[in-house]
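Just the heavy atoms: all of them, side chains too, but no hydrogens, waters or symmetry mates, feed the values below. Just so we're on the same page: letters track the sequence lines, and every chain starts at 1.
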Protein chains: 2
Amino acid sequence: MATMAVENYLKHVLLLSEGGDGLVSMGALAGALEVVPGTVTTMIKALADEGLVEHQPRHGVRLTHDGRRLALSVLRKHRLVETFLVNVLKMDWSKVHEEAEQLEHAISDEVLDRLDALLGHPATDPHGDPIPTRQGKISSQVYGTLATCVVERDVRVVRILEQSPEFLQFAEHHRLQPGAMLHVVDRNLTAGMVTLKPGTGRAIAMSLTAAGKILVQPER
Amino acid sequence: MATMAVENYLKHVLLLSEGGDGLVSMGALAGALEVVPGTVTTMIKALADEGLVEHQPRHGVRLTHDGRRLALSVLRKHRLVETFLVNVLKMDWSKVHEEAEQLEHAISDEVLDRLDALLGHPATDPHGDPIPTRQGKISSQVYGTLATCVVERDVRVVRILEQSPEFLQFAEHHRLQPGAMLHVVDRNLTAGMVTLKPGTGRAIAMSLTAAGKILVQPER
DNA sequence: ACTTTTATTTTGACTCTTCAAAGTAGCGTG
DNA sequence: CACGCTACTTTGAAGAGTCAAAATAAAAGT
Ligand SMILES: [Mn+2]
Ligand SMILES: [Mn+2]
Ligand SMILES: [Mn+2]
Ligand SMILES: [Mn+2]
């Protein structure tokens with residue numbers, strides 16, 4: 001069995017390789033895993049020996065087939081656990097990431113399958129992050145953001161990219177959660193602001209930076 | 001935070017001190033934790049330095065107040081998780097111990113409280129083991145067993161002491177689960193056998209040894 | 001091209017948990 | 001009381017994961 005550390009390294013290589021040339025830098029990993037760079041080099045060398053990653057010294061690292069399989073299984077656990085914590089235990093979606101960070105290493109495949117069934121085989125977690133299937137397939141659909149989509153149109157929130165507790169609380173406060181429908185009233189590049197009108201409630205204004213963290217889908 | 005190993009040691013000291021003079025032997029711990037005795041000595045010395053146990057060299061170990069508090073919290077997690085796995089996820093009660101052995105170290109107090117509420121604040125787990133309260137109280141009621149209780153009377157099963165998968169499967173097969181009512185037909189000390197008649201179904205015969213693993217309460 | 005900056009790797013050390021094997025204390029039996 | 005068995009402790013070594021700090025390679029500036 002893979003240790004906790006191994007699972008965390010692989011999962012973060014997977015997450016960081018989303019939308020890059022596929023090569024993940026040691027520095028990025030060190031930052032994400034909150035360890036010093038030397039530690040990453042050491043661990044990656046070990047993972048390469050195990051055939052879980054391919055390391056190109058001084059350039060970066062990518063997952064092998066086996067490594068990717070393992071990483072996807074950890075990510076599936078993480079996101080299904082988050083979904084359980086929010087949908088069943090009614091926990092705040094800004095807190096579940098931390099919990100899942102531990103639980104993802106303690107859950108067996110059998111428990112996971114039952115959790116999946118209990119939740120109705122969800123395709124995404126509470127943040128809109130896609131949940132890998134048991135077979136290791138993960139949706140990689142490309143969406144626009146509130147900073148880039150067409151204005152004066154209705155859109156549906158599909159995913160929140162920035163998942164710091166603060167940002168998630170801000171989003172929740174304005175009911176900007178996956179599934180929420182809203183109208184993009186205006187976007188002012190000069191001022192760097194976007195104005196939104198939710199289906200119900202008052203208008204919301206936010207910076208382009210914040211708007212870029214919210215993925216949306218054109219509606220109707 | 002206490003590491004996984006520390007939590008396991010403390011939990012097993014607690015479990016093994018049930019019904020002894022309070023002193024747990026190194027050998028018993030080594031057996032329960034599946035490590036060699038020397039390892040236990042080393043670890044216990046460390047725990048004593050941390051003020052979690054009191055070690056009397058060559059005699060045994062007992063929990064301090066702090067150690068007991070921690071051990072009870074781990075045990076509470078273990079048993080609530082088992083209850084969740086059986087009651088909500090419908091897992092086989094012979095498999096949940098292993099799962100809980102991992103999950104007990106990954107669950108936060110907040111998740112635990114919500115789980116507790118979801119389950120309706122159960123007093124016992126699926127095996128009839130008492131669940132410590134959040135305040136660290138644990139019921140220590142004394143029950144008879146099918147090997148010792150009065151014959152020709154109705155009794156209710158309250159707890160299964162032997163929790164190997166095989167024994168639990170045997171018990172389940174005969175519906176000998178906490179809550180089950182049955183009539184103690186006969187006990188033959190010479191043959192070392194006990195005969196039972198469940199409320200519904202055919203009579204069950206089992207050895208005194210097996211019967212001694214099943215705690216019961218006189219009914220009505 | 002030469003120099004400075006930045007990213008990565010290497011080295012040596014440390015903590016935690018474990019084992020194998022050798023040493024020791026305590027006990028009961030004769 | 002001495003012997004020998006058993007339980008316990010000690011010692012030395014190992015693997016996993018980490019950090020601090022020094023060394024090196026690559027990239028960026030001048
Ligand atoms: Mn994790
Ligand atoms: Mn998520
Ligand atoms: Mn455990
Ligand atoms: Mn139990």
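Across all strands shown, A/Gly27 has heavy atoms under 4.0 Å from sugar-phosphate atoms exclusively, and none from any base.
Counting only heavy atoms from C-beta on, B/Thr41 has its side chain closest to D/dC8 among D/dC19, C/dC19, D/dC8.
Atom CE of B/Met4 and atom P of C/dT18 are 11 Å apart (whole Å). When rounded to the nearest whole Å, the span between CE of A/Met43 and C1' of C/dT11 equals 19 Å. One interatomic measurement links the two molecules: CD1 of B/Ile44 to C1' of C/dT17, which rounds to 13 Å at whole-angstrom precision. What separates CG of A/Leu33 from P of D/dG17 is a distance of 12 Å, to the nearest Å. Between the NE2 atom of B/His59 and the P atom of D/dT9 there is a distance of 10 Å, rounded to whole Å. Look at CG on A/Leu23: it is 11 Å from P on C/dT8, rounded to the nearest Å.
By the side-chain contact (heavy atoms from CB on, under 4.5 Å) test, A/Glu50 is found to be paired with A/Leu52, residues two or more places apart in sequence or in another chain being considered.
Using cut-offs of 30° and 60° on the angle between ring planes, the pair A/Phe167 and A/Phe170 is tilted.
A salt bridge between A/Asp66 and A/Arg69 is present, with a side-chain N of the basic residue lying under 4.0 Å from a carboxylate O of the acidic one. Classification of B/Asp109 and B/Lys77 as a salt-bridged pair holds, one side-chain N sitting under 4.0 Å from a carboxylate O.
Looking at A/Ser94 and A/Gln169, their side chains do bring a donor and an acceptor atom within 3.5 Å of each other.
In the interface, the side chain of A/Arg58 is paired with the base of D/dT24 through a donor and an acceptor atom under 3.5 Å apart.
At a non-hydrogen distance threshold of 4.0 Å, A/His55 from residues 47-55 of chain A come into contact with DNA chain C.
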